[in-house]
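Have a look at the structure below before the remarks.
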There are 2 protein chains.
Amino acid sequence: MKKKYLDICQSITEQIRSGRIKPETYLPSENEMVKEYQASRETIRKALNLLAQNGYIQKIRGKGSMVLNTSKFDFPVSGLVSFKELAGKMSEPPQTILNGLSLGEAGGFIKKELQLEEGDLVWDVLRTRKMGGERIILDRDFLAEKHVPHLTGDICRDSIYQYLEKELNLNISFAKKEIIVEEPTDEDRSLLDLDGFQNVVVIRSHVYLNDASLFQFTESRHRPDKFRFTDFARRALH
Amino acid sequence: MKKKYLDICQSITEQIRSGRIKPETYLPSENEMVKEYQASRETIRKALNLLAQNGYIQKIRGKGSMVLNTSKFDFPVSGLVSFKELAGKMSEPPQTILNGLSLGEAGGFIKKELQLEEGDLVWDVLRTRKMGGERIILDRDFLAEKHVPHLTGDICRDSIYQYLEKELNLNISFAKKEIIVEEPTDEDRSLLDLDGFQNVVVIRSHVYLNDASLFQFTESRHRPDKFRFTDFARRALH
DNA sequence: CAGTGGTCTAGACCACCTC
DNA sequence: AGGTGGTCTAGACCACTGA
């Protein structure tokens, strides 16, 4: 199934990212794009709305679609991105250390978080992320065994998300996240280079598949000086 | 200008929030809604897409639109919400203290952040937010005088956003934000009840109007134990 | 198979901006 | 007045689900 509006969106995204279309200038009008892309106006508008949602353009009535400046806006923890995808956009390559991988019956806490039944099994994955020689992030993932029957150390050291989407064809769809600041646990102190920091930033996520079933609960614990979260937000319509 | 898809969206939102439509159940099909709301299917779909973006429903092909559980998901720092709007959803009423309000020529730092010209004026607003008797948040707002010619202490103590949107009819459209953790400044220590915390959480925002012009730069500094950010994120299409 | 949501179209009317 | 984006429509075909 090829989606025309996605093609158009990617085409324009590419032109903006490469600098062929400059910030503060206007895109061709929707009617011009209708001819250029051989698509109906609604299809063009679908593509443009995607760009607007992601902060690439601002549509201004009576004038046109202005390209926004997206530089300095390059660390998309926002959205739903795995560490490997994120790392690909960083200057220096990070490193993943697998500290633990086990499959077992869900305990009380995690059984509740993943809404599991009595006797359901869960994977417990513990990984450290190293950047610039220092252990900066501690990730603990819980994955429901009924959705992910098989998991290996190699997959965890590479990218779990890649495996789930490419191999298992799971459709990761949305997540609810919360960011808070906590005191370091003993585990944080032993597995991270905390350098005397009194706090860690904790991101807790519940991740859902296309059919709205919950399959993953993650806790990502960051050294505060290396933590940065950026977001593009549109004001809700009223 | 009445927008049918917004009416439909609000109608369904209201039914979900009030509990008349329960989580884990399906909405009527799009074709049924076409009759119910006397609208075309594309208009219905526009409304449903808004609901999906905001985490109210999950659309599942071949099955329907499932209502998601939105409880425990109640602190929308995400999106673009002013403190007053946020406070309205909290149990206990918070309090705003105005620590400073001045209009002056833009200095080097803020001139750059707000992309101002030589001689442009900016408002500098400093406010403390008190919750449960403790001073928890320190907000510093810079607003370009060319967009906001007039500002008073009463407006700052109430809600700047309300004034901008209701009185000045400014259309606040989008913001770029960043969240990081810093050491407290002397100002933080004197104006907040830091209780010995070694860090503050800082949210920096650049806020833009409908015509893509930058009009506000804000720094919001939070005591870490009272900070919480929640987010609903959909995975980017590929 | 019928029903669901996903994509696409061609055309209409409106509100806004600019000249 | 002419061009821009914003809303809405009626209809078509497709892909997926479940009985």
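Convention: sequence-line order gives letters A, B, ...; per-chain numbering from 1.
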- [ ] Classify the ring geometry between A/F142 and A/F217 as parallel (under 30°), tilted (30 to 60°) or perpendicular (over 60°).
- [x] parallel
Open item on the list: Angle between ring planes, A/F174 versus B/F232, binned at 30° and 60°: parallel, tilted or perpendicular?
Closed with: tilted
Any [X] side-chain nitrogen or oxygen under 4.0 Å from OP1 or OP2 of [N]:
| X | N | value |
| --- | --- | --- |
| B/Y5 | D/dT7 | yes |
| B/K4 | D/dT9 | yes |
| A/K3 | C/dG6 | no |
| A/T43 | C/dT9 | yes |
| B/K63 | C/dG3 | no |

Task: Pairwise 5' ranking along DNA chain C for A/S40 and B/N49, keeping only the more 5' one - done: B/N49
Write down the distance between [atom1] ([X]) and [atom2] ([N]), rounded to a whole number of angstrom.
| X | N | atom1 | atom2 | result |
| --- | --- | --- | --- | --- |
| A/R61 | C/dC13 | CZ | P | 18 Å |
| B/N210 | C/dC17 | CG | P | 10 Å |
| A/R45 | C/dC8 | CZ | P | 15 Å |
| B/N171 | C/dA15 | CG | P | 16 Å |
| B/Q58 | D/dT17 | CD | C1' | 15 Å |
| A/I44 | D/dT4 | CD1 | P | 13 Å |
| A/K46 | C/dG5 | NZ | P | 14 Å |
| A/E30 | C/dG11 | CD | C1' | 15 Å |

Sidechain N-carboxylate O distance under 4.0 Å for [X], [Y]:
| X | Y | result |
| --- | --- | --- |
| B/E178 | B/R204 | yes |
| A/D211 | B/K63 | no |
| B/E105 | B/K111 | no |
| A/K146 | A/E117 | no |

Open item on the list: Tell me whether B/R127 contacts the main-chain N or O of B/C156 through its side chain, where contact means a donor paired with an acceptor under 3.5 Å.
Closed with: yes
- [ ] Keeping the roles fixed (side chain from A/K4, backbone from A/Q38), state whether a donor-acceptor pair exists under 3.5 Å.
- [x] yes
Open item on the list: Tell me the closest heavy-atom pair linking B/W123 and B/L151, and the distance in Å.
Closed with: CZ2-N, 3.6 Å
Task: Shortest non-hydrogen separation from A/T218 to A/Q216 and the atoms involved - done: OG1-NE2, 2.9 Å
Task: Heavy-atom donor-acceptor pair, A/R41 side-chain to D/dG6 base, under 3.5 Å - done: yes
Task: Terminal axes of the helix from C/dC1-D/dG18 to C/dT18-D/dA1 (five pairs each): angle between them, nearest 10 degrees - done: 10°
- [ ] Would you classify A/I60 as touching base, sugar-phosphate or nothing, given that sugar-phosphate means primed atoms plus P, OP1 and OP2, and contacts are heavy atoms under 4.0 Å?
- [x] sugar-phosphate
Task: Contacting residues from residues 31-39 of chain B, given that a heavy atom lies under 4.0 angstrom of DNA chain D - done: B/Q38, B/A39
Task: DNA chain D: 5'-proximal contact among A/E42 and A/S65 (nearest heavy atom) - done: A/S65
